[in-house]
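Below, all heavy atoms of this structure are taken into account, side chains as well, without hydrogens, waters or symmetry copies.
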Amino acid sequence: MRRMKFTVIDFETTGDQPSDDIIQVGLVVIEQGYITERFSSFVKPNKAIPEFIVQLTGITEEHVKDAPQLEDVVTQMLPYFDDQTVLVAHHAAFDLGFLQRAFEQCGYHPFGGRVLDTIAFLRILFPGLPTLQLSMVSNSFGITHDNPHRADSDAEATAIIWQRCLERIESLPLITLQRLSNLYEAEFTDFAWFIHEVRLWKETLTVLDPDVNRYFRQFAMNVDNWDEEKPAREEGTPAFSQDQTFEQFYDQIHLNLEERFADYEERPAQRQMIEEVQASLASDRHLIVEAGTGTGKSLGYLIPSLYHGLREEKKMIVSTHTINLQEQLRQRDIPLLHEILPVPFRASVLKGRSRYLCLRKFEQKIQHNDYANDRDDRLTAAQMIVWLTETKHGDEEEIYFGNRGQDFWNTVSSDTDSCLNRACPWFKKCFFHRARHEASIADLVITNHSLLFTDIQAENRLLPSYKHLVVDEAHHFEEVASKLLGSELNYNALNNALVRLYKDSRSGQLPTLIARLQQEPERSLSEWLDGLDSLYPRIVRVKEEWDQLTELLFQLTAEQMDPMAGEGGQFVRRMKPDQLPAQWKSLITMEENIFLELTEITKKLDRISTEMKDKSEEYSTSSILTDLAGTVKQLTRCRDTLRFFMKMDNENYVYWMEATPYFRSKSIQLMVAPFDVSDLLKGYFFDVKDSVVLTSATLSVNKSFQYSSSQLGLETFQDTPKLKTVLLPSAFDYRKQALLLIPRDFPSIKGQAGEAAFLSALTQSLQEVAVEMKGRMLVLFTSYRMLKLVHQELKEPLRAEGIHVLGQGIDSSNRTKLTRLFQDHSSCVLLGTSSFWEGVDIPGDALSCLAIVRLPFQPPNHPMAEAKSDHLKKQRQNPFTALSVPQAVIRFKQGFGRLVRRSTDRGVVILYDTRVLETTYGRNFLYSLPGPKIEHLSLSQLVPRIHSWMGEKISEDA
């Protein structure tokens with residue numbers, strides 16, 4: 001393989017169409033694994049370079065006016081493309097297309113050699129790469145890439161990336177290369193050829209395989225058996241002497257931090273939080289503590305939690321809302337604590353079961369070439385084969401999928417229903433059982449809110465027993481409880497289960513089982529075969545009824561709905577038991593037919609499976625029967641959820657439907673959730689746990705915790721010793737770091753004419769501010785429809801100013817991708833809606849201006865908000881002041897928190913909603929903020945004031 005010669009190429013062009021021209025060539029040659037030659041040249045095009053290409057590449061007409069013609073450049077390039085050359089490029093189809101057209105235009109034969117795309121190799125060889133964008137990959141690999149979108153720099157970066165790919169593929173265990181080669185043996189592609197060549201090269205070199213001790217069932221793994229994992233201490237051995245006080249414990253940590261970080265300074269707010277959490281845990285008291293950005297909240301609860309758990313020999317549980325925060329705690333905070341704590345401890349992360357790979361299912365997919373989406377599934381399988389050589393957790397979060405990768409993962413993820421437990425040959429390697437074992441021997445377990453409530457539904461069989469709980473991101477706790485203690489059913493949940501049973505005469509669990517049984521000689525099998533055959537018509541009937549029912553439900557959902565109203569243009573409709581549409585009776589009849597058919601299918605499959613299990617070893621059907629049992633349980637859950645939704649018998653639940661116009665019935669989701677979970681939370685947690693600590697950056701409204709306490713079920717504990725609330729001082733100097741500007745003469749939205757005036761003024765103001773700030777601006781909307789309209793009006797005027805405009809749901813729906821694109825562009829305005837109001841971290845000068853278009857009130861007609869309002873009215877409360885305002889204030893605080901992320905950040909927040917000045921409830925929003933400088937002024941003064949404020953920053957920096 002080292003003997004191969006690779007020519008890495010990159011072109012800059014006037015566009016991406018066949019009629020466009022090359023304006024720059026970059027070429028790098030790799031031989032024997034080393035870069036041996038480089039070539040680059042500008043090329044004189046036959047057309048003008050478009051402005052957006054100039055902005056992207058920095059290549060102007062001045063660069064190319066004296067450049068050689070294409071024919072001259074191609075003549076110089078030809079020697080690099082002999083018969084032995086393997087062409088390599090990043091997004092090779094683009095560069096190859098321009099290369100072949102250039103050869104053809106100049107009268108030469110097209111390049112006939114092998115072509116490899118770094119994209120495919122990066123996806124497979126580095127499955128943890130979050131993006132395959134050339135600049136981001138270069139950054140991940142520590143490669144200097146000074147001039148992105150210049151052909152010479154891009155070719156150089158691509159060449160070094162290809163060298164890393166070669167190093168990685170050479171280092172793979174032989175068995176992994178053989179697996180990859182077998183995966184693609186039926187493909188006649190250059191990619192498959194190269195993998196095969198590498199395999200042959202590795203086989204000739206390998207006499208004694210150094211990786212053989214990592215092999216298990218013909219896969220290279222990076223884990224030992226999980227039962228070999230041991231606790232941090234022998235059972236009964238105390239972590240430290242009982243006479244060591246918390247003050248002594250913390251003083252040692254403080255010293256260790258000073259030794260490790262030369263510029264370490266203790267944060268007063270963090271010290272206060274540590275003391276408050278410690279006191280609450282020690283006195284078996286509940287605590288609500290609001291800790292703003294910059295407090296160091298994670299260590300604020302982890303340090304006292306570990307001390308209390310180790311001292312009292314009690315399991316400590318920490319729960320987060322997001323998987324991202326779980327990973328941040330695992331990768332950043334826990335390693336630091338291992339360094340600074342004076343005693344050893346063990347921490348583990350436990351997620352929902354479907355987050356972990358089922359090795360048995362994955363092995364079967366590979367063995368049987370079972371790929372629903374052939375090309376995409378093989379790519380994902382290849383990623384996972386390589387990933388198994390690295391992963392210690394088998395956690396979905398570690399791997400980034402391509403197109404339909406998530407669909408493939410869903411077929412091989414761990415689940416309760418199809419688990420063989422100790423009968424599984426993979427049991428001692430199983431990632432889910434490893435995570436549970438690690439949780440059982442850990443001092444501290446980091447989980448998430450979803451699993452916390454799933455554990456409750458599973459009668460506390462998932463998490464280790466605990467009496468002390470820390471809830472981070474607690475402002476989401478009630479919302480997650482409502483969702484997890486309810487249920488939902490989407491079109492694909494039932495449809496996919498039916499397809500898994502029977503896709504066609506050759507595909508599906510039933511045809512597979514029948515095929516295996518037909519190979520057996522015993523006549524006694526005929527009854528089972530007849531029984532399984534008889535299910536096909538029933539499955540088809542259920543599929544047809546489900547398609548018809550979901551189409552009719554979609555039509556109901558779409559009635560009277562504005563498709564632009566929600567994020568992504570979603571339809572939403574609440575179903576009230578006393579106000580059902582006229583056709584509901586006919587829909588009930590269809591549901592009853594589905595219920596009866598599914599009951600017959602599941603009963604018959606249960607009976608046949610039970611009878612066959614006694615002979616499963618004899619007929620080698622144990623695995624397929626286990627998967628079949630899992631499908632039966634899923635069908636039963638779908639059947640029961642559909643019935644619960646259609647009957648609407650429980651008045652404590654709210655029922656609604658969601659769908660998107662583009663996918664119609666296939667996007668339908670039936671949602672059922674309790675609208676008041678306060679009593680449930682009280683019963684599950686606050687009445688039975690010794691101490692629960694709830695923390696977040698946004699729990700108070702107007703310096704009060706009344707709203708959060710009532711939502712979380714803590715109202716009865718207020719003004720008692722069992723509950724303490726603490727509002728920590730801000731870690732930042734907001735008076736100096738943030739200026740909140742409110743244009744008092746900005747038009748309000750009243751009626752269609754009012755909205756038009758508002759939009760016109762908003763677009764004009766945003767344009768002026770964006771030019772003043774040179775981009776670096778995040779605009780938060782509450783309406784997706786308004787976002788689209790503003791994007792449409794802003795894009796071209798700001799492009800003329802060299803400012804790029806990104807819109808959520810327009811340029812991408814992926815928040816992470818949009819944030820990355822925003823940070824990559826030096827002059828950019830990002831328009832975001834609901835999901836951008838929190839969890840977005842853009843520190844430094846990349847974000848210096850935040851615009852909030854409207855106060856973030858939840859639409860009052862959203863089913864959950866409507867049901868809660870109805871409930872409050874029955875209790876003689878005002879839903880607007882008791883629910884809508886507090887919800888909006890907390891959301892507003894989250895949005896405001898996007899601007900200042902570090903002590904060195906400084907910028908401007910603009911609020912275009914004058915209700916904050918004109919209404920009695922408006923002061924709740926302003927009083928809830930962490931002390932920024934607030935000014936209201938005329939719209940004409942807005943840009944000059946921003947100029948002077950940001951000028952103060954420049955003069956201070958100078």
Would Leu70 and Asn46 count as a side-chain contact (heavy atoms from CB on, under 4.5 Å) here? Give the steps. CA-CA 10 Å; Leu70 179 65; Asn46 294 316; over 6 Å; no
Passes side-chain contact (heavy atoms from CB on, under 4.5 Å), Arg355 versus Ser413? Steps please. CA-CA 7 Å; Arg355 296 277 177 181; Ser413 62; over 6 Å; no
Please step through salt bridge (Lys or Arg N to Asp or Glu O under 4.0 Å) for the pair Asp415 and Lys361, ending with a clear verdict. CA-CA 10 Å; Asp415 71 283; Lys361 287 186 189 176; 2.4 Å; yes
Applying side-chain contact (heavy atoms from CB on, under 4.5 Å) to Asp10 and Val28, what does each step give before you reach the verdict? CA-CA 9 Å; Asp10 187 87; Val28 177; over 6 Å; no
Could you check Thr57 against Glu12 for side-chain hydrogen bond (donor to acceptor under 3.5 Å, both in side chains), going step by step and ending with a plain yes or no? CA-CA 8 Å; Thr57 64; Glu12 299 304 331; 5.6 Å; no
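In this structure a side-chain-to-backbone donor-acceptor pair under 3.5 Å is missing from Arg38 to Ala155. For Arg123 (side chain) and Leu379 (main-chain N/O), no donor-acceptor pair under 3.5 Å exists by modelled atom type. Counting only distance, with no hydrogens or angles, the side chain of Thr7 and the backbone of Thr85 share no donor-acceptor pair below 3.5 Å. Side-chain atoms of Lys44 do not come within 3.5 Å of backbone N or O of Asp66 as any donor-acceptor pair. Between the Arg434 side chain and the Glu229 main chain, no donor and acceptor come within less than 3.5 Å of each other. Of the possible donor and acceptor atoms, one in the side chain of Gln163 sits under 3.5 Å from a partner among the backbone N and O of Gly33. Within the 3.5 Å criterion, the main-chain N or O of His91 finds a donor-acceptor partner in the side chain of Asp117. The backbone N or O of Ala372 lies less than 3.5 Å from a partner atom in the side chain of Asp377, making a donor-acceptor pair. A donor-acceptor pair under 3.5 Å is absent between the side-chain atoms of Glu396 and the main chain of Leu357, judged by distance alone. Side chain of Asn222 to backbone of Lys392: no donor-acceptor contact under 3.5 angstrom is found.
Centroid-to-centroid, the aromatic rings of Phe191 and Phe121 come within less than 6.0 Å. Taking the six-membered ring wherever Trp is involved, the centroid distance between the rings of Phe194 and Trp162 falls below 6.0 Å.
Going from atom OG1 of Thr391 over to atom CD of Glu398 covers 3.5 Å, rounded to the nearest 0.5 Å. Atoms NE2 and CG, on His145 and Leu134 in that order, are 5.0 Å from each other to the nearest 0.5 Å. Residue Leu205 holds its CG atom at 10.0 Å from CG of Leu174, rounded to the nearest 0.5 Å. Here the CD1-NE2 distance, from Ile59 to His149, works out to 11.0 Å after rounding to the nearest 0.5 Å. To the nearest 0.5 Å, the span separating CZ on Arg500 from CD on Gln634 amounts to 4.5 Å. Between Ile399 atom CD1 and Thr380 atom OG1 the span is 7.5 Å, to the nearest 0.5 Å.
Between Thr158 and Thr118 there is a side-chain heavy-atom pair separated by less than 4.5 Å. By the 4.5 Å heavy-atom criterion applied to side chains, Pro50 and Thr14 are counted as neighbours. Looking at Asp154 and Asn147, their side chains never come closer than 4.5 Å, going by heavy atoms from C-beta outward. For the pair Thr189/Tyr184, no side-chain contact is recorded, criterion being any heavy-atom separation below 4.5 Å from C-beta on. For the pair Thr512 and His368, the minimum side-chain heavy-atom distance is 4.5 Å or more. Within the 4.5 Å cutoff, side-chain heavy atoms of Leu806 are placed close to those of Cys828. Asn373 is not listed as a side-chain neighbour of Phe408, based on a closest heavy-atom distance of 4.5 Å or more. Counting heavy atoms from C-beta on, the side chains of Leu87 and Leu99 come closer than 4.5 Å.
With no hydrogens or angles considered, no side-chain donor-acceptor pair links Ser41 and Gln76 at under 3.5 Å. Between the side chains of Thr131 and Gln133, no donor-acceptor pair is found at a separation under 3.5 Å.
Residues Met221 and Leu359 approach most closely at CE-CD1, 3.9 Å, considering heavy atoms. Across all their heavy atoms, Gly15 and Ile53 have their closest contact at N-CD1, 4.4 Å. Taking all atoms of both residues into account, the shortest heavy-atom contact from Val386 to Leu180 is CG2-CD1, 4.0 Å. Scanning all heavy atoms of the two residues, the minimum distance from Cys165 to Leu122 falls at SG-CD2, 3.9 Å. Closest approach of His63 to Gly58, counting heavy atoms only: CE1-O, 3.3 Å. Here the closest heavy-atom approach between residue Pro173 and residue Arg214 is recorded as CG-NH1, 3.9 Å.
Annotation: His109, atom NE2; neighbour count of heavy atoms from other residues, nucleotides and ligands within 6.0 Å does not exceed 12. The number of heavy-atom neighbours closer than 6.0 Å to CZ of Arg815, taken from other residues, nucleotides and ligands shown, is above 12. Other residues, nucleotides and ligands contribute at most 12 non-hydrogen atoms within 6.0 Å of the CZ atom of Arg404. No more than 12 heavy-atom neighbours from other residues, nucleotides or ligands sit within 6.0 angstrom of CD on Glu104. The number of heavy atoms from other shown groups lying within 6.0 Å of NE2 (His196) does not exceed 12. Atom CD of Gln367 has more than 12 heavy atoms from other residues, nucleotides or ligands within 6.0 Å.
Ring pair Phe401/Trp409 is tilted by interplanar angle, where 30° to 60° counts as tilted. Aromatic ring pairs are classed by plane angle as parallel below 30°, tilted from 30° to 60° and perpendicular above 60°; the pair Trp426 and Phe216 is perpendicular. Using cut-offs of 30° and 60° for the angle between ring planes, the Phe431 and Trp387 rings count as tilted. The aromatic rings of Trp226 and His437 lie tilted to each other, with the angle between the two planes from 30° to 60°.
We find that Arg360 and Asp627 are joined by a salt bridge, their nearest charged nitrogen and carboxylate oxygen being less than 4.0 Å apart. At a threshold of 4.0 Å, the pair Lys428-Asp227 counts as salt-bridged, since one of the basic side-chain nitrogens sits closer than that to a carboxylate oxygen. Of the charged side-chain nitrogens involved, at least one lies within less than 4.0 Å of a carboxylate oxygen, so that Glu327 and Lys351 count as a salt-bridged pair. Using a cutoff of 4.0 Å between basic side-chain nitrogens and carboxylate oxygens, Lys47 and Asp20 are scored as salt-bridged. With salt bridges taken as basic N to acidic carboxylate O contacts below 4.0 Å, none links Glu31 and Lys5.
Geometric assessment of Arg217 against the ring of Phe219 yields a negative cation-pi assignment under the 6.0 Å and 45° thresholds.
The side-chain contact (heavy atoms from CB on, under 4.5 Å) test with Val115 singles out one residue from Val86, Val88, Asp190, and that residue is Asp190. The one candidate from Arg199, Glu203, Gln218 that meets the side chain to side chain donor-acceptor pair (under 3.5 Å) condition with Gln178 is Glu203.
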